[in-house]
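These notes concern the structure reproduced below.
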Amino acid sequence: MTTAKRDTYTPETLLTVAVRVFNDRGYDGTSMEHLSRAAGISKSSIYHHVSGKEELLRRAVSRALDGLFGILDEPGAVRGQAIERVEYVTRRTVEVLMAELPYVTLLLRVRGNTKAERWALERRREFDQRVADLLKAAAADGDLRADVDMRLATRLLFGMVNSLVEWYRPPSADGTADESGHPDGSDGGDQLAETVVRLAFDGLRTSR
């Protein structure tokens, strides 16, 4: 059985296992032995694919960051009024979070104890700043309420979106309800993304 696993293991399947273990045990609490047991292959087989667990971490958070930064280059994020763009980015951020849930979860839990973690935190701050800049532009256009502190609004928006990793679970394969209450995956993701946008911006938009 072990030989079959070794023959079919790929860097991608190894990364999937590593992300699950990192999220379960914490990155600092995970050893190469833990990864080896979880993958069902020897440590030497893991080293055949990567230099160590920090490379696995960087690959994992890079996948999450690539998804998030990719949003900022999409037409909906670069065209139109600032308020439309920031709503688009918020909606797509929720969608990427749901699609890449284990990877974004890991990204949001890094502490900055290693070079890879510090790099991830710096990139996260860059993404957050670009979204914050869109909020400021929408406020400058008069599309957001003047009586709301934009720094506070930005923190609340990120807090709501990022909190999804703590409770959202994708629907099961048999279509039974997940923890978000959606019975299947047909439109639950779209509904959740739209709900986040409406909750956030119905209270922030001006009435004009």
Side-chain angles (χ1 to χ4, degrees), residues 1-74 77 89-132 158-159 161-173 178-179 185 189 192-193:
M1 182 177 296
T2 301
T3 301
K5 285 185 178 180
R6 183 180 294 114
D7 289 343
T8 59
Y9 240 83
T10 67
E12 184 63 26
T13 53
L14 176 60
L15 185 62
T16 300
V17 171
V19 170
R20 173 172 56 80
V21 178
F22 290 156
N23 283 332
D24 287 346
R25 300 186 59 89
Y27 177 73
D28 291 339
T30 300
S31 66
M32 291 299 289
E33 183 63 33
H34 293 133
L35 295 175
S36 171
R37 289 202 300 266
I41 58 177
S42 66
K43 286 189 285 186
S44 61
S45 295
I46 295 177
Y47 286 121
H48 176 73
H49 293 292
V50 295
S51 59
K53 72 171 190 173
E54 188 166 1
E55 181 179 343
L56 286 167
L57 175 67
R58 187 174 180 110
R59 288 187 182 186
V61 295
S62 291
R63 176 164 164 170
L65 288 163
D66 287 347
L68 293 173
F69 275 93
I71 295 169
L72 301 177
D73 294 325
E74 294 173 0
V89 169
T90 301
R91 185 180 295 107
R92 288 287 292 121
T93 298
V94 174
E95 291 170 352
V96 167
L97 184 150
M98 291 187 293
E100 303 287 358
L101 184 63
Y103 298 88
V104 178
T105 299
L106 181 61
L107 173 64
L108 295 176
R109 291 179 179 176
V110 296
R111 298 179 178 178
N113 294 331
T114 66
K115 183 178 180 180
E117 289 178 283
R118 289 188 291 274
W119 170 80
L121 288 174
E122 182 178 344
R123 293 286 283 163
R124 262 187 63 192
R125 285 192 290 268
E126 181 183 346
F127 178 83
D128 291 353
Q129 185 58 55
R130 291 182 65 177
V131 179
F158 289 139
V161 172
N162 293 344
S163 71
L164 296 179
V165 303
E166 302 301 332
W167 60 267
Y168 174 77
R169 295 297 177 268
S172 60
D178 62 11
E179 292 184 24
L192 179 55

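Note that these values count all heavy atoms, side chains included, but never hydrogens, waters or copies made by symmetry.
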Any residue meeting salt bridge (charged side-chain N to carboxylate O under 4.0 Å, His left out) with Arg91, in chain and number order, not counting sequence neighbours: Glu194
Taking every non-hydrogen atom, the tightest pair across Val131 and Phe158: CB-CZ, 3.7 Å
For Arg109, all residues meeting salt bridge (charged side-chain N to carboxylate O under 4.0 Å, His left out), sequence neighbours excluded: Glu166
Non-hydrogen side-chain atoms of Tyr103 and Thr16 separated by less than 4.5 Å: yes
His49 side chain reached by Leu56 side chain, heavy atoms, under 4.5 Å: no
CG-CG distance between Asn162 and Leu108, expressed to the nearest 0.5 angstrom: 4.5 Å
Non-hydrogen atoms of Ala116 and Leu57 that approach each other most closely: CB-CD2, 4.2 Å
From Ser51 atom OG to Ile46 atom CD1, the distance as rounded to the nearest 0.5 Å: 12.0 Å
Polar contact flag, side-chain donor to acceptor under 3.5 angstrom, Ser45-Ser42: yes
side-chain hydrogen bond (donor to acceptor under 3.5 Å, both in side chains) pairs, two or more places apart, involving residues 18-27: Arg25-His34
CA sep, side-chain torsions, deciding dist, call: Phe127, Thr93, side-chain contact (heavy atoms from CB on, under 4.5 Å): CA-CA 11 Å; Phe127 178 83; Thr93 298; 3.7 Å; yes
Over all atoms of both residues, closest heavy-atom pair of Ala120 and Val110: CB-CG2, 4.3 Å
Residue pair Thr10 / Thr13, side-chain donor-acceptor N/O under 3.5 Å: yes
Main-chain N/O of Asn113 paired to Glu117 side chain as donor or acceptor, under 3.5 Å: yes
Test salt bridge (charged side-chain N to carboxylate O under 4.0 Å, His left out) applied to Glu100 - qualifying residues, sequence neighbours left out: Arg63
Check: Arg118 main-chain N/O paired with Glu122 side-chain donor or acceptor under 3.5 Å: no
4.5 Å side-chain heavy-atom contact, Leu68 and Leu107: yes
Shortest non-hydrogen contact from Ala39 toward Val17: N-CG1, 3.9 Å
Audit row: Trp119, Leu65, side-chain contact (heavy atoms from CB on, under 4.5 Å) steps and yes/no: CA-CA 11 Å; Trp119 170 80; Leu65 288 163; 3.8 Å; yes
Partner residues of Arg111 under the salt bridge (charged side-chain N to carboxylate O under 4.0 Å, His left out) criterion, sequence neighbours left out: Asp28
Close side-chain approach of Pro170 and Leu101, heavy atoms under 4.5 Å: yes
Residues that Lys43 engages under side chain to side chain contact (heavy atoms under 4.5 Å, CB included), provided they are two or more places apart: Met32, Glu33, Ser36, Tyr47
Closest heavy-atom pair and its distance - Val96, Ile71: CG2-CD1, 3.6 Å
Interatomic distance, Leu14 atom CG to His48 atom NE2 [nearest 0.5 angstrom]: 11.0 Å
Member of Lys53, Arg59, Arg58 meeting the salt bridge (Lys or Arg N to Asp or Glu O under 4.0 Å) criterion with Glu55: Arg59
Taking every non-hydrogen atom, the tightest pair across Leu35 and Ala18: CD2-CA, 3.8 Å
